[in-house]
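Structure first, then comments.
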Amino acid sequence: VQLQASGGGLVQAGGSLVLSCAVSGRTLDHAATGWFRRTPGKEREFVAAIRWIGGRTLYADPVEGRFTISRDNAKNTVWLQMNSLKPEDTAVYYCAAGPGMRKGVAAYHFWGQGTQVTVSS
């Protein structure tokens, strides 16, 4: 399974960005795709996840109501729409694939490279 994240950039506080994650080689064993983020000196933090079948979603509390995760099964792509961005959202964002929709890093077996999101105040 290979994942390719893109869409990061610099945005002012209150602005929006859309991240994309193109997934190839996915099988039924990789039922969920998630987004995580990491800032220097911190552990990788769960952001959101979605199941390919059914589209059920899961969000971390800090982004609930501001971020929306979605997927297109035909395009094997997952998006993360990020609205009302805050400086504390600044991080490297990663997408990952795993067998279940969990918040733990260990639940995801395949990871893409990160994409930098910087929110200026």
Verify same cluster id: [X], [Y] (apolar side-chain graph, 4.5 Å):
| X | Y | value |
| --- | --- | --- |
| Val119 | Met82 | yes |
| Trp35 | Val92 | no |
| Leu58 | Val78 | no |

Q) Got a sec: does the CD of Gln12 have more than 12 other heavy atoms crowding it under 6.0 Å? A)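 Open: at most 12 neighbouring heavy atoms sit under 6.0 Å from CD of Gln12.
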Q: Might you confirm whether atom CD of Gln113 has over 12 heavy atoms from other residues, nucleotides or ligands at distances under 6.0 Å?
A: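 Correct, the count exceeds 12.
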How far apart are the closest heavy atoms of [X] and [Y], and which atoms are they?
| X | Y | answer |
| --- | --- | --- |
| Arg102 | Ala107 | CB-CB, 3.5 Å |
| Ala5 | Cys95 | CB-SG, 3.9 Å |
| His109 | Pro99 | CE1-CD, 3.6 Å |
| Glu64 | Tyr59 | OE1-CB, 3.6 Å |
| Ala97 | His30 | CB-CB, 4.4 Å |

**Q.** Step-by-step side chain to side chain contact (heavy atoms under 4.5 Å, CB included) determination, Val117 to Asp89
**A.** CA-CA 8 Å; Val117 171; Asp89 294 318; 5.5 Å; no
(Q) Checking Leu3 against Trp111 for the side chain to side chain contact (heavy atoms under 4.5 Å, CB included) test, could you report, in this order, the C-alpha distance in whole Å, the side-chain angles of both residues, the deciding distance, and whether it holds? (A) CA-CA 6 Å; Leu3 301 99; Trp111 293 80; 5.7 Å; no
Q) Can you check side chain to side chain contact (heavy atoms under 4.5 Å, CB included) on Phe67 and Leu80, steps first, answer last? A) CA-CA 7 Å; Phe67 291 10; Leu80 185 68; 4.2 Å; yes
Quick one: pull up [atom1] in [X] and [atom2] in [Y] and give me the separation to the nearest 0.5 Å.
| X | Y | atom1 | atom2 | value |
| --- | --- | --- | --- | --- |
| Ser24 | Phe110 | OG | CZ | 11.0 Å |
| Tyr94 | Cys21 | OH | SG | 13.5 Å |
| Met101 | Thr57 | CE | OG1 | 6.5 Å |
| Lys86 | Ser121 | NZ | OG | 14.0 Å |
| Tyr93 | Ser6 | OH | OG | 15.0 Å |
| Leu85 | Ser120 | CG | OG | 10.0 Å |

(Q) Given 3.5 Å as the limit, does a donor-acceptor pair link the side chain of Thr115 with the main chain of Gly8, or not? (A)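 Yes.
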Q) Counting only N and O atoms by type, is there a donor-acceptor contact under 3.5 Å from the side chain of Thr90 to the main-chain atoms of Glu88? A)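 Absent.
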Q. Partners of Asn76 by side-chain hydrogen bond (donor to acceptor under 3.5 Å, both in side chains), sequence neighbours excluded?
A.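 Expected list: Arg26.
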Q | Trp79 and Asp72: CA distance, side-chain angles, deciding distance, side chain to side chain contact (heavy atoms under 4.5 Å, CB included) verdict | A | CA-CA 9 Å; Trp79 293 276; Asp72 185 320; 3.5 Å; yes
Q. Heavy-atom distance under 4.5 Å between the side chains of Phe36 and Val105, does that happen here?
A.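 They are in side-chain contact.
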Q. Do Ser16 and Asn83 have side-chain N/O donor and acceptor atoms under 3.5 Å apart?
A.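 Side chains of Ser16 and Asn83: pair found under 3.5 Å.
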Without placing hydrogens or testing angles, list every side-chain donor-acceptor pair under 3.5 Å for residues 38-53, not counting sequence neighbours.
residue	atom	partner	partner atom	Å
Glu45	OE1	Arg37	NE	2.8
Trp52	NE1	Thr33	OG1	3.0

